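Note that the structure is predicted; figures quoted are calculated from it, not measured. Values below: every heavy atom of this structure, side chains too, minus hydrogens, waters and symmetry copies.
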There are 4 protein chains.
Amino acid sequence: MKTEKSLASKPRIGVVGPGSCPQEISELAYRVGHGLAAAGAILICGGRGGVMEAAAKGAKEAGGITVGILPGDSPSEANPYIDIPIVTGLGNARNVINVLTSQAIIAVCGEYGTLSEIAFAMKCGIPIVGLNTWKLTAPNNRPIPMTHASTPEKAVRAALSMRVSCGVTQRPT
Amino acid sequence: MKTEKSLASKPRIGVVGPGSCPQEISELAYRVGHGLAAAGAILICGGRGGVMEAAAKGAKEAGGITVGILPGDSPSEANPYIDIPIVTGLGNARNVINVLTSQAIIAVCGEYGTLSEIAFAMKCGIPIVGLNTWKLTAPNNRPIPMTHASTPEKAVRAALSMRVSCGVTQRPT
Amino acid sequence: MKTEKSLASKPRIGVVGPGSCPQEISELAYRVGHGLAAAGAILICGGRGGVMEAAAKGAKEAGGITVGILPGDSPSEANPYIDIPIVTGLGNARNVINVLTSQAIIAVCGEYGTLSEIAFAMKCGIPIVGLNTWKLTAPNNRPIPMTHASTPEKAVRAALSMRVSCGVTQRPT
Amino acid sequence: MKTEKSLASKPRIGVVGPGSCPQEISELAYRVGHGLAAAGAILICGGRGGVMEAAAKGAKEAGGITVGILPGDSPSEANPYIDIPIVTGLGNARNVINVLTSQAIIAVCGEYGTLSEIAFAMKCGIPIVGLNTWKLTAPNNRPIPMTHASTPEKAVRAALSMRVSCGVTQRPT
């Protein structure tokens, strides 16, 4: 029972980014996923290609566990590195679930969907770390709660250190 | 029948912005709502306070029709200027519906929820006009499909002229 | 202003049923929609074909207003009798919104989607009236809060008389 | 890598039922969860109390893995036997995700939310096995694709044998 019990207390870290991307972005995402799994985290992602697939591949090659929260209505849409496909059928609205399920988010590069996830993370109080992603200027230049990292390794460390509580109830013994 | 028939072909324009805001932002939102209704548009919004309420008040005082797409599970959460409350129970995920239901969006000022709506609009190909709102810099500085307007009146004109097809099927006669 | 003001206080009644159906079911749905509009109600429905289209046609031909809460991501999916398409992009999850937006629901005939709406109505405390629809037996035969009507006219009367509060806040004068 | 790789190909079976229930129903749910985990399946459930908690407890005590798809916006709402909380913030609309994520569903007893999951399972073509749950009569008495089991063990066997494809793409080697 020891192993399973610890599954619930592993950090759950989200990696968000575009569904297709150039090779150099894939490499960043791979290193993010690898680093997260090496540190014992469960990878949460959107389950599809590009950044999501590269991060999941990195996580699997470091012996980690991967969850893919899919927009469509079939698990066959998951990339081959997803262990647990969550099939939502919700289209873009599933981006909210990626964010709420994670204790911190790393945004790698980014299209518009990624921007929506950055926005929801800030809205929901989930720490967000950017790696080569959107730069934002709020109305009236007020400060915004987003950290930028210069390398995948720094992004992993920042996300793990800033993450919110796992929220898990202790099991009766 | 003439009046009702034309309801389906009226432009549907979304106004998004924070649920509470200072007086000068409320005034901008009021003018946006008033201008949209005066031009014959149906106002789509999130149905709550702040920018949403001011825009809906403006629309009603110009004789318009207002739809409020609510995050909670009761119509009682709507502001008093909403004609048709749509009760979603979806929390922040309802932001996607605000966007998809509109033929163009005007973002007035903006917190994080507004940023998510700007992101979804760009993702879904719905034209987005900003008024005193977020400024965005995409990765690699690629251009982004967002227009900024300097006055409510210019925002209304831009949204109406850029709007996508209403998508409505002609009724058999 | 008088006309628009009263829009918010009109009853909002949902009609749910299959997206394709034989002629005799269409006729029942048409009479339901016509009766609701004649009584001053706004018709809420899923916006597509079959029962939804027949009810919307009936409502329009009685001079009513129709709202179609669509599962897909384009208003072009609405039937031609929808005045206000609400575009959710949520697939089947939009069934929850049909229910929450209505003060009472009439189920005409019914496939599985209709059954989900009957279930959500009971879950959310929205009165549900069945017309030639599912018959349900709960575990342990406990009573269930669903009314069956034998004619469209009786279904309309039952829904209007059982409807929950419109939940609308009075506008300041 | 061997262990993790096989995670993706384990059956994912949903257990649905009320969030609070009498002791004899809890015992049925516990035996369902235990049997599923003993057979190597991952338990998918709504993550809360009652049937969901009893099934998750059974699964954990048989060494299984549990996923809880939560309606609220915090993982703290999960029962203590959930390994991987999926936080949706969608309220009742999350019931669709429980269904789509599962290759077969077992309904134990049942309130209205359970009925909505039975309906969605039939709508989405996910096999559904009932254990002391709703009995349904479709309009015109047409046959419905739902199986009833008389014991937890028979329900587990039926769900495993009827389950649809896991939909998972083979990983490159």
Considering all heavy atoms, the nearest G110(C)-P139(D) contact: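 Scanning both residues completely, I find the closest heavy atoms to be O-CG, 3.5 Å.
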
Point to revise | P145(D) to Y112(C) - nearest heavy-atom pair and separation | key: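 What the structure gives for the nearest pair is CD-OH, 3.0 Å.
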
**Prompt:** What ring pair (Phe, Tyr, Trp, His ring centres under 6.0 Å) pairs are there with at least one residue in residues 53-96 of chain C, not counting sequence neighbours?
**Reply:**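 Pairs touching residues 53-96 of chain C that pass the test: none.
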
Can you find a heavy atom in the side chain of W134(D) that is under 4.5 Å from one in the side chain of L136(C)?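 A side-chain contact exists here, since the closest heavy-atom pair is under 4.5 Å.
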
| said: Strictly less than 4.5 Å between heavy atoms, which residues of residues 85-96 of chain C line up against chain D? Please order them by number. | reply: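 So far as heavy atoms go, N92(C), A93(C), N95(C), V96(C) are the residues that approach chain D to under 4.5 Å.
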
How many angstroms lie between atom CG of N140(D) and atom SG of C109(C), to the nearest 0.5 angstrom?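 Separation between the atoms: 6.0 Å.
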
Heavy-atom distance under 4.5 Å to chain C: side chain of E111(D), backbone, both or neither?
->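 Answer is both: backbone and side chain atoms of E111(D) are under 4.5 Å from chain C.
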
